[in-house]
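In what follows, a single structure is set out as structure tokens and then discussed.
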Amino acid sequence: MALRLINTQTRRKEEFTSLEPGHVRMYTCGPTIYDFAHIGNYRAYTFEDLLRRYLKYRGYKVTQVMNLTDIDDKIIRGVNKKGITLKEYTNPYKQAFFEDLDALGIERAEHYPAATDHINEMVAIVQALVKKGHAYEADGSYYFKISSFPKYGSLSHMKLEDLKAGARIAADEYEKDTVSDFALWKAWDEADGPVYWDTPLGKGRPGWHIECSAMSMKYLGETFDIHTGGVDNMFPHHENEIAQSECATGRTFSRYWLHCEHLIVEGQKMSKSLGNFFTLRDLTAKGYSPVAVRYLLLATHYRQQLNFTMDGLDGAKAAVERLIDFKRNLQAVEGGSDNADFPAIVQKAYDGFGECLDDDLNISGALGEVFNFVKETNKLMSAKTLSKADAAKAVEALEKFDTVLGVLPKKEAGIDADIQALIDERIAARKEKNFARSDAIRDQLQAMGIILEDTPKGTTWKRQL
RNA sequence: GGCCGGUUAGCCAAGUGGUAAGGCAGAGGUCUGCAAAACCUCUAUACUCCGGUUCGAAUCCGGAACCGGCCUCCA
């Protein structure tokens, strides 16, 4: 069966087809690089990574764009406070972001355009909108005229007249024709200090929404396949993107919209005041492995709110370990004749894995299939009825699944010579029944994060996750 | 006020009409110098509540409670 995705636009599960056969173009709303990203942000990026990896698993070529928002009110405030340039302010957070992506095993997108590198493209869109009567200038700023786009609200299913005009309408927005019109370009203001661009639109800076329109269309074309983001971006951000993009080009902007639910921590909204606000660095500092965090973020369906708990993190770690151990045990299988039941077990795993993920990326179901495969194969292994060739096929399947899951170590890390020397010494000590010495070595290695496994076949080791 | 999700065992979490996947935790076992690790086996009268439709409902419809989200720059 084909891949089906729930499109926010229609609220229906739709069969996915790409505009260009075999090639998916997707745009993913990225971070504002004014601080370290938190695990809620990474939930969204992990979901996008799952989508990307599964599209590739299904044989698509993927061109993904993730923007880096490096201009907004908070960044301007930070720049002026510290008296440094905008790039000087944002670069450390940009670097930290990529470090976190690597730690979490999130594949790199093809493009990471920064907003401030695309001012000209944004200006061009604003000019096109003005020319077509969809935008107007007021006191040096430019606004999108929502009343000129009847389709406005079709993504979030919100009606303008239902919106509560409330406290969040800033007092300085009086010059807009109607309060719901949003800024495409903001005129320079003294508080902006040195942060501005001189453009045909005047001296100022871009609004927030326009960057995504400009950069997605530049790298993916006027119409592309998938646009993703967190649910909070559905309105107004994505709604505004659609309005400005479609009015500028006269074409459909994104064909599918996917929105990721938020995560909560221990059943509560993540907030600094509750003390349950975590960056990836906060968790690794507590000794948690990034791959455990990845698994936890990945394992819940993306349209479901994810309850992030420390117990859950321990459970995620144990689940990943089970997969890693499964692979190690398979690789140690020797000889034997092929098991007649095994081909059906592998086939069932492949089929189940694909069927679940085809169904709007049902990752929990897919993981269930993987663990059933692990259990059934382990059963054959412990009965010593699995052949070396069977085991190789099982490893192949597991590695194939892991192209989507991304939780297995890329390659076994080497072992230091002195660690090997300790292991050898312990083996010798055990032969001489010098258990005091062998236990001391065992403790020493454990303190170094090396777990020993004394099996009937001898002593092996693994790194603690 | 408008709109949108959710509520499944000790915890996490699939399942959208046919009688409840999977992971963690827990118990037992194999192995072991003892452990650990790994693996196997087992376990739980778990579908928020109240009505309705149906031969049959976690699943569909109506209502309630609770939790959470969006309503102009927050993934």
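Protein chains get the first letters and strands the later ones, always in sequence-line order, with residue 1 at the start of each. Atoms considered below: every heavy atom in the structure, side chains included; atoms not considered: hydrogens, waters and symmetry mates. All values derive from a computational prediction rather than experimental measurement.
- B/U7: Watson-Crick or G-U partner is B/A65, with both key distances under 3.5 Å.
- Checking A/Ile264 against A/His209, the closest nucleotide of RNA chain B that is more toward the 5' end is the one next to A/Ile264.
- Between A/Met158 atom CE and B/G69 atom P the separation is 15 Å, expressed in whole Å.
- Salt bridge present: A/Arg294 and A/Asp49 bring a charged side-chain N and a carboxylate O closer than 4.0 Å.
- By the 4.0 Å N-to-carboxylate-O rule, A/Arg205 lies close enough to A/Asp192 to be salt-bridged with it.
- The ring of A/Phe353 has its center no closer than 6.0 angstrom to the ring center of A/Phe373.
- Side-chain contact, A/Asp351 with A/Gln347: a donor N or O sits under 3.5 Å from an acceptor N or O.
- Comparing the P positions of B/C61 and B/G6 gives a spacing of 12 Å, expressed to the nearest Å.
- In this structure, NE2 of A/His259 is placed 13 Å from C1' of B/G69, rounded to the nearest angstrom.
- Ring centroids of A/His134 and A/Phe149 are separated by 6.0 Å or more, keeping the two rings apart.
- B/A38: Watson-Crick or G-U partner is B/U30, with both key distances under 3.5 Å.
- Using bins of under 30°, 30° to 60° and over 60° for the plane-to-plane angle, the ring pair A/Tyr45/A/Tyr42 lands in the perpendicular bin.
- Residue contacts for A/His237: at a heavy-atom cut-off of 4.0 Å it reaches no nucleic acid atom on any strand shown.
- For the pair A/Phe36 CZ and B/C74 P, the computed distance is 19 Å after rounding to whole Å.
- The CD atom of A/Gln244 sits 13 Å away from the C1' atom of B/U72 (whole-angstrom rounding).
- For the P atoms, the distance from B/G5 to B/G63 is 14 Å, rounded to whole Å.
- Using P as the reference atom, B/U32 and B/U7 are 47 Å apart when rounded to the nearest Å.
- With a 3.5 Å ceiling on both atom-pair distances, B/A46 lacks any Watson-Crick or G-U wobble partner.
- The same atom, C1', is picked in B/U43 and in B/G10; the two are 13 Å apart, to the nearest Å.
- Using a cut-off of 4.0 Å between Lys/Arg side-chain N and Asp/Glu carboxylate O, A/Arg430 and A/Asp454 are scored as salt-bridged.
- Going from the C1' atom of B/G26 to that of B/A44 covers 10 Å, rounded to whole Å.
- In summary, the aromatic rings of A/Tyr142 and A/Tyr136 are positioned with their centroids too far apart to meet the 6.0 Å limit.
- Residue contacts shown for A/Phe371 are limited to sugar-phosphate atoms, with no base heavy atom under 4.0 Å away.
- For A/Lys269, the listed nucleotide lying nearest its side chain is B/G69; candidates were B/G23, B/C74, B/G69.
- Using a 5.5 Å limit on the distance between ring centres and a 30° limit on the angle between planes, the aromatic ring of A/His262 does not count as stacked on the six-membered base ring of B/G68.
- Going from atom CD of A/Glu261 over to atom P of B/U7 covers 12 Å, rounded to whole Å.
- Atom name P, nucleotides B/A64 and B/C70: the rounded distance is 24 Å, in whole Å.
- In this structure, the CD1 atom of A/Ile210 is 15 Å from the C1' atom of B/U72, given to the nearest Å.
- Remark: the separation of the C1' atoms in B/C4 and B/C42 is 43 Å, to the nearest Å.
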Report summary line: Each nucleotide of nucleotides 34-39 of chain B classed B (base within 4.0 Å of a protein heavy atom), S (only sugar-phosphate) or -, in 5' to 3' order, makes BBBSSS
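- Annotation: B/G22 and B/G2 have their C1' atoms spaced 39 Å apart (nearest Å).
- Rounded to an integer number of Å, the gap from CD of A/Glu241 to P of B/U72 is 17 Å.
- For A/Tyr288 and A/Phe278, the distance between ring centers is not under 6.0 angstrom.
- Of all non-hydrogen atoms in A/Thr459 and A/Arg426, the two that sit nearest each other are CG2-NH1, 4.0 Å.
- Of the two residues near RNA chain B, A/Gly229 and A/Gly267, the one whose nearest nucleotide lies more 5' is A/Gly267.
- Between the CG atom of A/Leu298 and the C1' atom of B/G22 there is a distance of 14 Å, given to the nearest Å.
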Write down the protein N/O and nucleotide N/O pairs, taken from nucleotides 12-14 of chain B, whose separation is under 3.5 Å; answer none if there are no such pairs.
unit_1 : atom_1 : unit_2   : atom_2 : d
B/C12  : OP1    : A/Asn307 : ND2    : 3.2
B/A13  : OP1    : A/Asn307 : N      : 3.2
B/A13  : O2'    : A/Ser364 : OG     : 3.3
B/A14  : OP1    : A/His301 : N      : 3.1
B/A14  : O5'    : A/Ser364 : OG     : 3.2
B/A14  : O3'    : A/Asn362 : ND2    : 3.2
B/A14  : O2'    : A/Asn362 : ND2    : 3.4

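- A/Thr69 comes within contact range of no nucleotide atom at all, as no heavy-atom separation falls under 4.0 Å.
- Using a cut-off of 4.0 Å between Lys/Arg side-chain N and Asp/Glu carboxylate O, A/Lys348 and A/Glu376 are scored as salt-bridged.
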